[in-house]
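What follows is a single structure, written as structure tokens, with notes after it.
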Amino acid sequence: MSHNNLEVIFKEMPKQTFFNLPEEKRKLITDTLIRYFSQKPYHKVDITDVAKECSVAKGSMYQYFENKKDMYFYSIEMAYSKFLDLLNKINIKQMSIFDYYENSLKTVWLALKSLKDEYILLERAFFFNDSPFKDEINEKFLTKSREFLVEIVKNNQEKGFIRDDINPLIIAIFLEGASFYLKKFVIERAINQEGTSTYSLDIEYFRGFFEQFLKLLKEGLEKE
């Protein structure tokens with residue numbers, strides 16, 4: 001993702017000094033921030049430790065970012081972008097929204113093998129009680145996902161996959177809310193009953209929930 005695209009997406013930008021660094025160094029700092037924020041609650045992450053691992057002075061980190069919150073939001077954005085890149089590989093223009101949801105589950109599950117820290121960071125940021133900016137994070141990223149969903153819905157209506165007697169924005173809002181609270185339920189259930197992140201669970205743990213979710217979607221949205 002380019003520097004200019006990042007500016008459009010979120011306010012918590014690294015400073016220009018960060019983008020002046022060699023690409024390898026930027027990647028090291030980004031990956032290290034993601035890993036630290038995925039492993040610990042926000043308030044327990046010590047930027048001194050991050051700086052030491054990246055072989056830079058702590059003061060340099062604040063030359064690259066305005067504050068710790070900016071580092072946190074930048075980490076979330078980069079993790080989120082990696083997952084979007086994976087979802088964008090699914091040819092959504094040629095499939096129904098029902099197939100999209102089924103394929104996105106498989107894609108996300110496979111991604112966990114290569115994006116472990118990114119997945120755990122997003123899960124913690126969106127759903128854990130120790131996330132200090134949870135409302136702000138959800139508002140920011142749900143707005144982005146809504147725009148994405150509206151386009152999927154419009155495309156599905158045009159192709160006759162789903163009913164077209166309902167405003168696509170209303171359908172997108174419904175899908176957004178239903179998907180979010182299903183994920184919230186599954187994650188909180190894993191934490192409370194299994195005592196673990198959903199990362200540690202088998203895909204079969206999710207399959208039953210999502211099959212029932214898809215059944216509800218089809219019965220309510222599929223065009224007769």
Side-chain angles (χ1 to χ4, degrees), residues 1-90 92 103-128 130-134 136-145 147-148 183 187 197-200:
M1 181 172 290
S2 71
H3 178 180
N4 290 336
N5 287 339
L6 287 174
E7 287 180 336
V8 172
I9 291 172
F10 64 110
K11 295 178 181 178
E12 291 77 12
M13 275 291 296
K15 298 177 181 179
Q16 185 58 48
T17 49
F18 178 76
F19 293 104
N20 291 340
L21 291 170
E23 182 178 355
E24 183 177 348
K25 187 62 132 182
R26 295 199 308 269
K27 184 179 185 303
L28 174 62
I29 292 172
T30 299
D31 291 346
T32 304
L33 284 170
I34 288 174
R35 178 157 47 82
Y36 270 79
F37 284 125
S38 73
Q39 293 176 346
K40 299 179 181 180
Y42 173 84
H43 67 279
K44 289 187 177 181
V45 173
D46 190 337
I47 302 305
T48 302
D49 295 333
V50 176
K52 183 177 180 180
E53 187 161 332
C54 295
S55 300
V56 299
K58 180 180 180 180
S60 295
M61 292 296 293
Y62 292 96
Q63 292 177 354
Y64 306 147
F65 299 88
E66 188 66 34
N67 50 44
K68 183 179 177 181
K69 181 182 177 183
D70 280 13
M71 298 179 203
Y72 182 58
F73 271 76
Y74 173 72
S75 302
I76 295 170
E77 176 63 37
M78 297 309 294
Y80 190 82
S81 295
K82 290 183 180 182
F83 273 94
L84 280 185
D85 287 344
L86 284 170
L87 291 178
N88 284 333
K89 292 179 181 178
I90 301 174
I92 61 175
N103 278 277
S104 66
L105 170 62
K106 294 175 183 176
T107 301
V108 169
W109 187 258
L110 291 173
L112 298 188
K113 303 305 177 185
S114 59
L115 298 175
K116 174 183 176 180
D117 292 333
E118 287 82 356
Y119 177 86
I120 295 176
L121 169 59
L122 294 175
E123 184 176 279
R124 179 183 291 278
F126 278 86
F127 299 106
F128 278 35
D130 59 28
S131 175
F133 311 107
K134 189 158 56 175
E136 186 177 346
I137 290 166
N138 282 313
E139 181 179 357
K140 176 189 293 290
F141 290 97
L142 286 179
T143 298
K144 289 174 62 179
S145 66
E147 294 170 354
F148 185 60
K183 292 172 188 173
I187 289 169
S197 164
T198 53
Y199 176 83
S200 304

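For S60 (side chain) and V56 (main-chain N/O), no donor-acceptor pair under 3.5 Å exists by modelled atom type. With hydrogens and angles disregarded, a donor-acceptor distance shorter than 3.5 Å links the side chain of K68 to the backbone of V45.
For the atom pair CZ (R124) and OG (S38), the distance works out to 7.5 Å, reported to the nearest 0.5 Å. A distance of 7.0 Å separates CD1 of I34 from CE of M78, quoted to the nearest 0.5 Å. Summarising the geometry, atom CG belonging to N20 is positioned 11.5 Å from atom CD belonging to Q63; distances are rounded to the nearest 0.5 Å. Note that the CZ atom of F133 and the OH atom of Y42 stand 4.0 Å from one another [nearest 0.5 Å].
The aromatic rings of F18 and F65 sit tilted, their planes meeting at an angle between 30° and 60°. Ring-plane geometry between Y72 and F37 is classed as perpendicular, the angle between the planes exceeding 60 degrees on a 0 to 90 degree scale with a lower cut at 30.
Counting non-hydrogen atoms of neighbouring residues, nucleotides and ligands closer than 6.0 angstrom, the NZ atom of K52 reaches no more than 12 such neighbours.
The side-chain heavy atoms of L121 and S75, taken from C-beta on, include a pair separated by under 4.5 Å. Within the 4.5 Å cutoff, no side-chain heavy atoms of D46 are placed close to those of Y36. The shortest side-chain heavy-atom distance between P14 and D70 does not fall under the 4.5 Å cut-off.
Residues T32 and C54 approach most closely at OG1-SG, 3.5 Å, considering heavy atoms. Nearest heavy atom pair, residue A125 against residue S131, reads O-OG, 2.8 Å. Closest approach of L21 and R26 over heavy atoms only: O-NH1, 2.7 Å.
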Next on the checklist: For a salt bridge (charged side-chain N to carboxylate O under 4.0 Å, His left out) check, start with the C-alpha distance between K82 and D31, then their side-chain angles and the critical distance, and finish with the verdict.
Outcome noted: CA-CA 12 Å; K82 290 183 180 182; D31 291 346; 3.8 Å; yes

Next on the checklist: Determine whether L122 and F127 satisfy the following criterion, side chain to side chain contact (heavy atoms under 4.5 Å, CB included), listing intermediate values before the conclusion.
Outcome noted: CA-CA 8 Å; L122 294 175; F127 299 106; over 6 Å; no

Item to check | Derivation and outcome, side chain to side chain contact (heavy atoms under 4.5 Å, CB included), residues I29 and L33 | outcome: CA-CA 6 Å; I29 292 172; L33 284 170; 4.0 Å; yes

Checklist entry - How far apart are the C-alpha atoms of M71 and Y62, what are their side-chain angles, what is the distance that settles it, and do they pass the side chain to side chain contact (heavy atoms under 4.5 Å, CB included) test? => result CA-CA 9 Å; M71 298 179 203; Y62 292 96; 3.7 Å; yes

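Relative to the ring axis of F126, K134 does not place its NZ or CZ within 45° and under 6.0 Å from the centre.
Exactly one of M61, K58, R35 qualifies for a side chain to side chain contact (heavy atoms under 4.5 Å, CB included) with V50. That residue is M61.
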